[in-house]
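Read the structure below first, then the notes.
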Amino acid sequence: MTRSTKIGRVEILNIEDYTPPPMNPSDFFPDVPLEAWEPHRSHHALDENGKFRVSFGIFALLFDDYVILVDTGIGPSVPEMFGGGEGRLITRLKQAGIHPDQVTAVLNTHLHPDHLGWNMTDGEPSFKNSRYYFSAKDYQWWTSEGVIQDAPHVQTQAQPLEALGLMELTSDGDQIAPGVRALATPGHTPGHQSFLVESDGEKGIVTGDVIHSRTQFSEPEWCAGFDMDKPTAIATRKSMIERVISEQMTVAASHLVVDSNIGHVIEVENRRYWQPL
């Protein structure tokens, strides 16, 4: 198992912000009967106690002379619904030899609280030399009337960046850096985006919350309870999996269990499976 890989000259490094306690599968996938998980136990979809495990991971894209972060985790204070405690992104970045001031861009896949929790710290940008990128469609939805008042995390971790002039809004296909483009992958949220990485003829994708469990590569119609538009999420997931296979992409999925969240999708007897690196 690995916590990093290379796409051409670009290194993709997984940084774990926080791991919540194992939970009942139905807590995360409420529409999936418990017995439906049984065929997937041999593929490590659940732990030895039949519990579902998830990680709050961030991916650092390491270039020759700069660093890009995809998402910033749940933040310094973890809500009790996820077990409480503290996120560790900043500490773990430094342990990996990355100082926050080296980060030149933060790419947010979407505006759920476990993906932008370290955008700001004590009212100041955590990565002071960065521009912060949000999907225009997602940002517009989350800041719309009737939504923003119930989204304090957006008020503290996204809107201040607009006021500071540090925000960039992206659309499908936008190039953010050489070899890095936004890819619209809606469904989990209205404007959810993933990021394509291409270097020296090799390709990868950082999926955000298109995928929450390795089982979804075999069962793309399974939806997490947090998917806001399930039919669109299913269509997005199916389309992404087909593209990953046809273009032989490396996949980085932040919510898969740490040490197994970078890999490939393989086909065996007309079924798709996750194969960690």
Side-chain angles (χ1 to χ4, degrees), residues 1-7 10-23 25 28-29 37 40-41 43-47 51-62 67-74 78 82-83 87-89 92-93 95-96 98 106-110 112 114-118 180 183 185 188 192-197 202-220 222 224 226-227 233 236-237 240-241 243-245 248-266 272-277:
M1 305 300 182
T2 183
R3 286 201 178 191
S4 70
T5 193
K6 282 212 167 181
I7 307 296
V10 181
E11 182 178 1
I12 298 182
L13 174 66
N14 176 235
I15 306 289
E16 184 186 23
D17 186 35
Y18 181 75
T19 299
M23 63 192 78
F28 212 95
F29 289 87
W37 289 90
H40 301 284
R41 282 181 178 260
H43 301 287
H44 309 288
L46 305 178
D47 67 14
K51 299 294 187 180
F52 177 70
R53 294 171 58 211
V54 69
S55 175
F56 294 154
I58 292 92
F59 290 99
L61 308 182
L62 310 180
V67 178
I68 293 175
L69 291 187
V70 180
D71 290 326
T72 63
I74 197 155
V78 179
F82 293 118
R88 300 177 288 272
L89 173 61
R92 289 188 165 169
L93 279 174
Q95 290 171 346
I98 302 170
V106 173
L107 317 183
N108 287 112
T109 58
H110 62 294
H112 274 158
D114 57 317
H115 289 261
L116 43 70
W118 285 100
V180 180
L183 174 67
T185 48
H188 181 67
H192 185 284
Q193 61 184 350
S194 301
F195 297 98
L196 297 169
V197 181
E202 298 180 2
K203 296 181 179 181
I205 183 170
V206 185
T207 67
D209 281 14
V210 177
I211 294 289
H212 290 88
S213 167
R214 61 196 299 156
T215 305
Q216 289 176 290
F217 292 108
S218 303
E219 308 283 359
W222 288 16
F226 293 103
D227 287 346
T236 289
R237 195 156 34 251
M240 188 198 73
I241 291 170
R243 183 171 181 179
V244 162
I245 292 172
Q248 298 181 322
M249 291 186 185
T250 297
V251 179
S254 63
H255 280 307
L256 299 190
V257 176
V258 69
D259 291 334
S260 65
N261 57 5
I262 302 174
H264 299 112
V265 183
I266 62 171
R272 279 76 182 269
Y273 299 96
W274 178 240
Q275 184 178 64
L277 295 182

| Listed partners of Arg92 passing side-chain contact (heavy atoms from CB on, under 4.5 Å), at least two apart | Ile15, Glu16, Arg88, Gln95
| task | For Gly208 and Ser194, work out which heavy atoms get closest and say how close. | result | N-OG, 4.4 Å
| For the side chain of Trp274 and the backbone of Ser260, is there at least one donor-acceptor N/O pair under 3.5 Å apart? | yes
| request: Determine, stepwise, if the pair Leu13 / Ile98 fulfils side-chain contact (heavy atoms from CB on, under 4.5 Å). | output: CA-CA 11 Å; Leu13 174 66; Ile98 302 170; 4.1 Å; yes
| request: Would you check if Leu93 and Leu69 make a side-chain contact, meaning some heavy-atom pair closer than 4.5 Å? | output: yes
| query | Are any side-chain N or O atoms of Thr215 and backbone N or O atoms of Ala45, one a donor and one an acceptor, separated by less than 3.5 Å? | reply | no
| Do Ile211 and Met240 come close enough that some side-chain heavy atom pair is under 4.5 Å? | yes
| request: Drop me the distance from Leu196's CG to Thr207's OG1, to the nearest 0.5 angstrom. | output: 11.0 Å
| note | For Asp259 and Arg3, the nearest pair of non-hydrogen atoms, with its separation, is OD1-NE, 2.7 Å
| Between His188 (side chain) and Val210 (backbone), is there a donor-acceptor pair under 3.5 Å? | no
| message | Would you compute the distance between atom OG1 of Thr250 and atom CD1 of Ile205 and round it to the nearest 0.5 angstrom? | response | 11.0 Å
| field | Least distance between heavy atoms, Glu202 atom then Lys6 atom | value | OE1-O, 3.6 Å
| remark: So CZ of Phe59 and CG of Leu107: to nearest 0.5 Å the spacing works out to 13.0 Å
| Can you tell me if Asp17 uses its side chain to pair, donor with acceptor, with the backbone of Ile74 under 3.5 Å? | yes
| task | Give a yes or no on whether the backbone of Val257 and the side-chain of Ser55 come within a donor-acceptor separation of less than 3.5 Å. | result | no
| Closest contact, heavy atoms only, Ala252 versus Ile12 | CB-CG2, 4.3 Å
| said: Could you report the tightest heavy-atom contact between Phe29 and Ser213, atom names first, then the distance? | reply: CZ-CB, 3.8 Å
| said: Over 60° means perpendicular and under 30° means parallel, so tell me whether Phe52 and Phe28 are parallel, tilted or perpendicular. | reply: tilted
| Atom pair CD (Gln275) and NE2 (His43), whose distance is rounded to the nearest 0.5 Å | 12.0 Å
| request: Search all heavy atoms of Asp71 against all heavy atoms of Ile58 and return the closest pair with its distance. | output: O-CG2, 3.2 Å
| said: Run the side-chain contact (heavy atoms from CB on, under 4.5 Å) test on Lys51 and Leu46 for me, step by step, so that the C-alpha distance in whole Å, both residues' side-chain angles and the decisive distance to 0.1 Å come before the verdict. | reply: CA-CA 5 Å; Lys51 299 294 187 180; Leu46 305 178; over 6 Å; no
| said: Here's a test for you: under side-chain hydrogen bond (donor to acceptor under 3.5 Å, both in side chains), which of Thr72, Asp209, Asn108 qualifies with His115? | reply: Asp209
| Partners passing salt bridge (charged side-chain N to carboxylate O under 4.0 Å, His left out) against Asp227 (at least two apart in sequence or in another chain) | Arg237
| said: Check the orientation of Trp222 and His40. Use parallel for under 30°, tilted for 30 to 60°, and perpendicular for over 60°. | reply: perpendicular
| note | OH (Tyr273) and NE2 (His44) are apart, to the nearest 0.5 Å, by 13.0 Å
| field | Parallel, tilted or perpendicular, as decided by the 30° and 60° cut-offs, for the rings of His255 and His212 | value | parallel
| field | Side-chain touch Ser254/Val206, heavy atoms, less than 4.5 angstrom | value | no
| Within the side chain of Thr109, is there an N or O that forms a donor-acceptor pair under 3.5 Å with the backbone of Gln193? | no
| said: Using side-chain contact (heavy atoms from CB on, under 4.5 Å), reason through Arg272 and Val244 one step at a time and then give a plain yes or no. | reply: CA-CA 11 Å; Arg272 279 76 182 269; Val244 162; over 6 Å; no
| field | Separation between CE of Met23 and CZ of Arg53, rounded to the nearest 0.5 Å | value | 11.0 Å
